Novice: 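Would you mind keeping the following structure in view while I ask a few things?
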Amino acid sequence: MAGQLGYFALPSNDPQASMVFYGGLFGWQFDEESEHGGHHILNTAEPFGCVGGARDGVPTLYFTVEDIHEAVKRVRELGGEADEPVLRDSGWDAACRDSQGLVFNLWQAT
């Protein structure tokens with residue numbers, strides 16, 4: 001369903017240390033490092049991950065869309081900014097900012 005939170009990523013300046021911390025705290029299990037330097041958490045109800053390159057400790061939110069190209073166009077029409085969509089292993093992804101500057105991503109599963 002479009003507009004639902006489809007994924008989020010906890011930022012970390014040291015993903016290995018974060019995996020030790022959250023693994024010890026919650027029992028999270030992590031997959032192998034992805035092409036983007038992050039790790040998916042394998043044993044949670046909702047899909048999310050831990051990524052390097054912390055942005056002031058703010059999680060990256062990925063909102064689901066049915067047509068990422070149309071959604072990128074709509075972000076721009078509404079006064080936001082959107083990068084061109086990129087096809088990744090998990091689907092299409094586009095980094096965006098809303099009209100107030102809030103950072104988020106659009107995601108279309110493949």
Side-chain angles (χ1 to χ4, degrees):
M1 177 182 287
Q4 300 296 309
L5 182 61
Y7 189 84
F8 69 93
L10 297 174
S12 174
N13 287 320
D14 185 345
Q16 293 299 321
S18 292
M19 290 188 322
V20 169
F21 178 85
Y22 289 110
L25 179 62
F26 299 125
W28 289 351
Q29 298 169 356
F30 298 85
D31 69 356
E32 297 297 317
E33 187 171 352
S34 73
E35 63 189 75
H36 311 293
H39 299 267
H40 297 292
I41 296 148
L42 302 172
N43 60 331
T44 56
E46 299 299 324
F48 65 101
C50 181
V51 297
R55 285 190 344 234
D56 299 324
V58 177
T60 302
L61 303 176
Y62 293 80
F63 294 104
T64 60
V65 294
E66 294 178 17
D67 182 333
I68 196 157
H69 298 288
E70 198 56 40
V72 162
K73 179 180 170 186
R74 190 77 179 124
V75 166
R76 294 172 180 160
E77 290 172 352
L78 292 167
E81 301 173 14
D83 291 349
E84 289 300 314
V86 176
L87 182 58
R88 306 199 187 280
D89 291 342
S90 61
W92 288 95
D93 175 24
C96 302
R97 288 186 184 271
D98 71 11
S99 61
Q100 304 301 306
L102 178 71
V103 174
F104 66 97
N105 285 51
L106 299 173
W107 174 63
Q108 178 185 338
T110 51

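Given the structure is predicted, the values throughout are model-derived calculations rather than measurements.
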Novice: Measuring from atom CG of N105 to atom CD1 of I68, what distance do you get when rounded to the nearest 0.5 angstrom?
Specialist: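 It is 8.5 Å, given to the nearest 0.5 Å.
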Novice: Taking the side chain as every heavy atom from C-beta outward, state whether L10 and S18 have any pair of such atoms under 4.5 Å apart.
Specialist: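 The answer is no, as the side chains (C-beta and beyond) never meet within the 4.5 Å cut-off.
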Novice: Any sub-3.5 Å donor-acceptor pair from R88's side-chain atoms to D93's backbone N or O?
Specialist: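 Flag not set: sc R88 to bb D93 has no pair under 3.5 Å.
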Novice: Under the salt bridge (charged side-chain N to carboxylate O under 4.0 Å, His left out) test, which residues partner R97, sequence neighbours left out?
Specialist: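 Checked R97 against salt bridge (charged side-chain N to carboxylate O under 4.0 Å, His left out); zero matches.
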Novice: Check whether any side-chain heavy atom of N43 lies under 4.5 Å from a side-chain heavy atom of I41, and answer yes or no.
Specialist: yes
Novice: With ring-ring contact (aromatic ring centres under 6.0 Å, His included) as the rule and sequence neighbours excluded, what pairs involving residues 70-102 come up?
Specialist: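 Of all non-adjacent pairs touching residues 70-102, those that pass ring-ring contact (aromatic ring centres under 6.0 Å, His included) are H69-W92.
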Novice: A side-chain contact here means heavy atoms from C-beta on lying under 4.5 Å apart; do F30 and L42 qualify?
Specialist: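 They are not in contact (no side-chain heavy atoms under 4.5 Å apart), so the answer is no.
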Novice: Report yes or no: do V65 and L5 belong to one cluster of Ile/Leu/Val/Met/Phe/Trp/Tyr joined by side chain heavy-atom distances under 4.5 Å?
Specialist: yes
Novice: Crowded around R74 CZ? As in, over 12 foreign heavy atoms under 6.0 Å?
Specialist: no
Novice: Is any side-chain heavy atom of Y62 closer than 4.5 Å to a side-chain heavy atom of L106?
Specialist: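 In short, these two side chains do not touch, never coming nearer than 4.5 Å.
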Novice: Is there a side-chain contact between F63 and C96 (heavy atoms, below 4.5 Å)?
Specialist: no
Novice: Given side chains that start at C-beta, do those of M19 and H39 come closer than 4.5 Å, heavy atoms only?
Specialist: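 They are in side-chain contact.
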Novice: Does Q4 offer a backbone N or O that forms a donor-acceptor pair with the side chain of T64 under 3.5 Å?
Specialist: yes
Novice: Looking at Y22, I'd like to know if its OH atom is crowded, meaning that more than 12 non-hydrogen atoms belonging to other residues, nucleotides or ligands lie closer than 6.0 Å.
Specialist: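 No, not enclosed.
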Novice: Given 3.5 Å as the limit, does a donor-acceptor pair link the side chain of D31 with the main chain of H40, or not?
Specialist: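 Yes.
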Novice: Can you tell me how far apart OG1 (T110) and CD (Q108) are? Round to the nearest 0.5 Å.
Specialist: 8.5 Å
Novice: Atom CZ of R76 and atom OG of S99: how far apart are they, to the nearest 0.5 Å?
Specialist: 15.0 Å
Novice: Mind checking whether F104 and D98 have side chains closer than 4.5 Å, heavy atoms only?
Specialist: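 Yes, at least one pair of side-chain atoms sits under 4.5 Å.
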Novice: Tell me, please, which residues at least two apart from F21 pass ring-ring contact (aromatic ring centres under 6.0 Å, His included).
Specialist: none
Novice: Within a 6.0 Å radius of atom CD on Q100, are there more than 12 heavy atoms belonging to other residues, nucleotides or ligands?
Specialist: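 Result for CD/Q100: open.
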